[in-house]
A.B. asks: 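Here it is, the structure, as structure tokens.
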2 protein chains.
Amino acid sequence: MKRTGFAEADCPVARALDAIGDLWSLLIVRDAFDGLRRFGDFQKNLGIAKGMLSTRLHKLVELDVLELVPASDGSAYQEYALTKRGLDLFPVVVGLRQWGEAHLYARGEAHSNLVDQSGQPVGQLVLPSRTGRPLTWSETRVRKAGARKR
Amino acid sequence: MKRTGFAEADCPVARALDAIGDLWSLLIVRDAFDGLRRFGDFQKNLGIAKGMLSTRLHKLVELDVLELVPASDGSAYQEYALTKRGLDLFPVVVGLRQWGEAHLYARGEAHSNLVDQSGQPVGQLVLPSRTGRPLTWSETRVRKAGARKR
DNA sequence: CCAATCCGGTTCTAAAATAAGACTAGACAA
DNA sequence: TTGTCTAGTCTTATTTTAGAACCGGATTGG
């Protein structure tokens, strides 16, 4: 049956997953962060079927995560570039990366690493309170959509 | 055809998406963070088909994201509780939430909010360098699996 | 200039995943 | 002990996916 949709949900997590919560979308965005811009580059790097890639790219353009821009080499082709909305997915991709690094590799198994400009590994993502103090999951809660502040 | 697998990938993002990159897994984890623990509670809250939920819960248990524990009310039933590995998904869920909040709601449209213990909205996720300075996407890069440090 | 090849798709098919409902065994409540 | 609740499994129709074949316009080699 048709996949369940959450585009109208009150919960932002549900809407986000409805938009990009599939196997390929975030991998495409990850590749875009790595500098890939052309259809063929994505296709080669991901090993994705061209039909899937075509569908996903069009959906990401429609969502305004990617946009079509003239090719940077002056040819008549076009390239896919991250928009502001796409760039804002950076913490999501990093979050997945850090979780994968921590839990999905055997001891000593090699994996790619995220480093800063000096080549130093980056730190862990931090959720700060409004005053800047780091928060853990147990110090937060979700206030439902219609709830009065108190 | 059989869905493409990334369980062996060098990239932690790919492995993470292979494990939990579907519509339901992270919604179940989100609900678990909100305190839901029983099969029926997840089913009611998500409106998910029972077969899907059963498959997903078993997979999450197998991945050690959730674990089965005796029911907290003393009955003979069991409950699903987040493990350490599951709790570590907190930044991923928060990242999706913040992206959804920022980009998938019309101006003024109501949505649920993440607040700290005093009811204050939380800040944005921050990726710190090893020295604690906040990093943006353009200040990081991925070092491939086998690359020598320099 | 012409043919060969590259690029970025679309179309087709089969196998697999999904949604939704019917069904069931054991727990629990009256 | 009868009926309801819980937590599933099974079945079926439909959609999604992967992979391959095909195609037209752009680019390149001779």
Side-chain angles (χ1 to χ4, degrees), chain A residues 1-9 14 17-28 31-32 35-63 65-81, chain B residues 1-9 14 17-28 31-32 35-63 65-81:
Chain A
M1 305 271 278
K2 188 191 255 175
R3 203 187 171 110
T4 308
F6 288 103
E8 310 292 302
L17 288 169
D18 186 68
I20 53 160
D22 64 274
L23 187 57
W24 294 114
S25 295
L26 283 172
L27 286 176
I28 293 169
D31 276 4
L36 270 60
R37 297 169 67 93
R38 300 272 289 245
F39 185 97
D41 294 333
F42 289 116
Q43 209 248 312
K44 230 171 301 173
N45 195 57
L46 292 169
I48 184 178
K50 292 162 103 183
M52 269 284 94
L53 180 58
S54 183
T55 305
R56 285 292 180 280
L57 286 173
H58 282 284
K59 187 178 169 196
L60 288 171
V61 168
E62 189 181 354
L63 280 169
V65 167
L66 298 176
E67 63 183 339
L68 276 168
V69 299
S72 47
D73 62 2
S75 72
Y77 298 116
Q78 291 194 292
E79 299 183 344
Y80 294 90
Chain B
M1 304 271 281
K2 189 192 257 176
R3 204 187 175 111
T4 308
F6 288 104
E8 311 292 303
L17 287 170
D18 186 69
I20 52 160
D22 64 275
L23 187 57
W24 293 113
S25 295
L26 283 172
L27 285 176
I28 292 169
D31 276 4
L36 271 61
R37 298 169 67 94
R38 300 272 289 246
F39 186 96
D41 294 333
F42 289 114
Q43 208 248 315
K44 230 170 301 175
N45 194 57
L46 292 169
I48 185 179
K50 293 162 104 183
M52 270 285 93
L53 180 57
S54 183
T55 305
R56 284 294 179 280
L57 286 172
H58 281 282
K59 187 178 170 196
L60 289 172
V61 167
E62 190 180 354
L63 281 169
V65 167
L66 297 176
E67 63 183 339
L68 276 167
V69 299
S72 47
D73 61 2
S75 73
Y77 298 116
Q78 291 194 291
E79 298 183 347
Y80 295 89

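In what follows, chains are A, B, ... by sequence order, proteins preceding strands, each numbered from 1.
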A.B. asks: Taking atom P of C:dA29 as reference, at what distance in whole Å does atom CG of B:Asp73 sit?
C.D. replies: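 So the two atoms are 10 Å apart, to the nearest Å.
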A.B. asks: Among all residues two or more places apart in sequence or in another chain, which pass the side-chain hydrogen bond (donor to acceptor under 3.5 Å, both in side chains) test with B:Asp41?
C.D. replies: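 Per chain and number, B:Asp41 pairs via side-chain hydrogen bond (donor to acceptor under 3.5 Å, both in side chains) with no residue.
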A.B. asks: Check the interface with nucleotides 24-30 of chain D: list each N/O to N/O pair with the protein under 3.5 Å, or write none.
C.D. replies:
unit_1	atom_1	unit_2	atom_2	d
D:dT27	OP1	A:Ala76	N	2.6

A.B. asks: Applying side-chain hydrogen bond (donor to acceptor under 3.5 Å, both in side chains), name anything that partners A:Ser75, two or more places apart in sequence or on another chain.
C.D. replies: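 Counting only residues at least two positions away or on another chain, A:Ser75 forms a side-chain hydrogen bond (donor to acceptor under 3.5 Å, both in side chains) with A:Asp73.
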A.B. asks: Using the test ring pair (Phe, Tyr, Trp, His ring centres under 6.0 Å), find all partners of A:Phe6 that sit at least two apart in sequence or belong to another chain.
C.D. replies: B:Trp24
A.B. asks: Side chains of B:Glu8 and B:Asp18: does their closest heavy-atom pair fall under 4.5 Å?
C.D. replies: no
A.B. asks: Can you name the residues that form a side-chain hydrogen bond (donor to acceptor under 3.5 Å, both in side chains) with A:Ser72, not counting sequence neighbours?
C.D. replies: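 Residues passing side-chain hydrogen bond (donor to acceptor under 3.5 Å, both in side chains) with A:Ser72: A:Glu79.
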A.B. asks: B:Leu53 CG to D:dT6 P: how many Å, rounded?
C.D. replies: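 Rounded to whole Å, this separation is 14 Å.
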A.B. asks: For a stem of at least 3 consecutive Watson-Crick or G-U pairs with distances under 3.5 Å, i pairing with j, i+1 with j-1 and so on, which stems involve DNA chain D?
C.D. replies: C:1-30 with D:1-30
A.B. asks: Less than 4.0 angstrom between a side-chain N/O of B:Arg3 and OP1 or OP2 of D:dA18, yes or no?
C.D. replies: no
A.B. asks: For A:Lys44 and A:Gly5, take the nucleotide of DNA chain C holding the closest heavy atom to each; which residue's nucleotide lies nearer the 5' end?
C.D. replies: A:Lys44
A.B. asks: Which whole-number value in Å describes the distance from B:Ile48 CD1 to C:dA19 P?
C.D. replies: 7 Å
A.B. asks: If the condition is side-chain hydrogen bond (donor to acceptor under 3.5 Å, both in side chains), which residues does B:Ser25 pass it with, not counting sequence neighbours?
C.D. replies: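 B:Ser25 satisfies side-chain hydrogen bond (donor to acceptor under 3.5 Å, both in side chains) with B:Asp22 once adjacent residues are dropped.
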A.B. asks: A:Lys50: which residues meet the side chain to side chain contact (heavy atoms under 4.5 Å, CB included) condition with it, sequence neighbours left out?
C.D. replies: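 With sequence neighbours excluded, A:Lys50 shows a side chain to side chain contact (heavy atoms under 4.5 Å, CB included) to A:Phe39, A:Gln43, given in chain and number order.
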A.B. asks: From C-beta outward on A:Thr4, which listed nucleotide comes closest to its side chain: C:dG8, D:dA18, C:dA19?
C.D. replies: C:dA19
A.B. asks: List for me each residue that meets side chain to side chain contact (heavy atoms under 4.5 Å, CB included) alongside A:Val61, sequence neighbours excluded, and say none if there are none.
C.D. replies: A:Leu66, A:Tyr80
A.B. asks: Any idea which heavy atoms bring B:Ala14 and A:Leu27 closest together, and the distance?
C.D. replies: CA-CD2, 3.7 Å
A.B. asks: May I have the distance from B:Arg56 (atom CZ) to C:dA19 (atom C1'), rounded to whole angstrom?
C.D. replies: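 Nearest whole value for this atom pair: 12 Å.
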A.B. asks: Calculate the interatomic distance between A:Gln43 atom CD and C:dC6 atom C1'; express it in whole Å.
C.D. replies: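 The distance from CD of A:Gln43 to C1' of C:dC6 comes to 13 Å, rounded to the nearest Å.
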A.B. asks: At a cut-off of 3.5 Å, list every protein nitrogen or oxygen paired with a nitrogen or oxygen from nucleotides 1-4 of chain C, distance to 0.1 Å.
C.D. replies:
none

A.B. asks: Could you run through nucleotides 8-14 of chain D and give me one letter per nucleotide, 5' to 3': B if any protein heavy atom sits under 4.0 Å from the base, S if only the sugar-phosphate is that close, - if neither?
C.D. replies: BB---BB
A.B. asks: Over how many whole Å does the gap from A:Glu79 atom CD to C:dG9 atom C1' extend?
C.D. replies: 16 Å
A.B. asks: To the closest 0.5 Å, what do you measure between CG (B:Leu63) and NE2 (B:His58)?
C.D. replies: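 So the gap between those two atoms works out to 13.0 Å.
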A.B. asks: Does A:Arg38 make a side-chain N or O approach to OP1 or OP2 of C:dG8 shorter than 4.0 Å?
C.D. replies: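 It does, given that an N or O in the side chain of A:Arg38 lies less than 4.0 Å from OP1 or OP2 of C:dG8.
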A.B. asks: Could you report the tightest heavy-atom contact between B:Tyr77 and B:Arg38, atom names first, then the distance?
C.D. replies: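 The answer is CD1-NH2, 3.4 Å.
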A.B. asks: Within this structure, what is the CG-CG distance for the pair B:Leu36 and B:Asn45, rounded to the nearest 0.5 Å?
C.D. replies: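 Interatomic distance, B:Leu36 CG to B:Asn45 CG, rounded to 0.5 Å: 5.5 Å.
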A.B. asks: For A:Arg37 and C:dC7, give me the distance from atom CZ to atom P, rounded to whole Å.
C.D. replies: 17 Å
A.B. asks: Report the distance from atom CG of B:Leu60 to atom CD of B:Glu67, rounding to the nearest 0.5 Å.
C.D. replies: 12.5 Å
A.B. asks: Distance from B:Asp31 atom CG to B:Leu26 atom CG, nearest 0.5 Å?
C.D. replies: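 With rounding to 0.5 Å, CG (B:Asp31) is 11.5 Å from CG (B:Leu26).
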A.B. asks: Using a cut-off of strictly less than 4.0 Å between a heavy atom of the residue and any atom of DNA chain D, enumerate the qualifying residues of residues 18-28 of chain A by number.
C.D. replies: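 By residue number: A:Trp24.
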A.B. asks: State the NZ-CD1 distance between A:Lys59 and A:Ile28, to the nearest 0.5 angstrom.
C.D. replies: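 Atom-to-atom, A:Lys59:NZ and A:Ile28:CD1 are 10.5 Å apart.
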A.B. asks: A:Thr4 and B:Leu23: which non-hydrogen atoms are nearest, and at how many Å?
C.D. replies: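 Heavy atoms of A:Thr4 and B:Leu23 come nearest at O-CD2, 3.2 Å.
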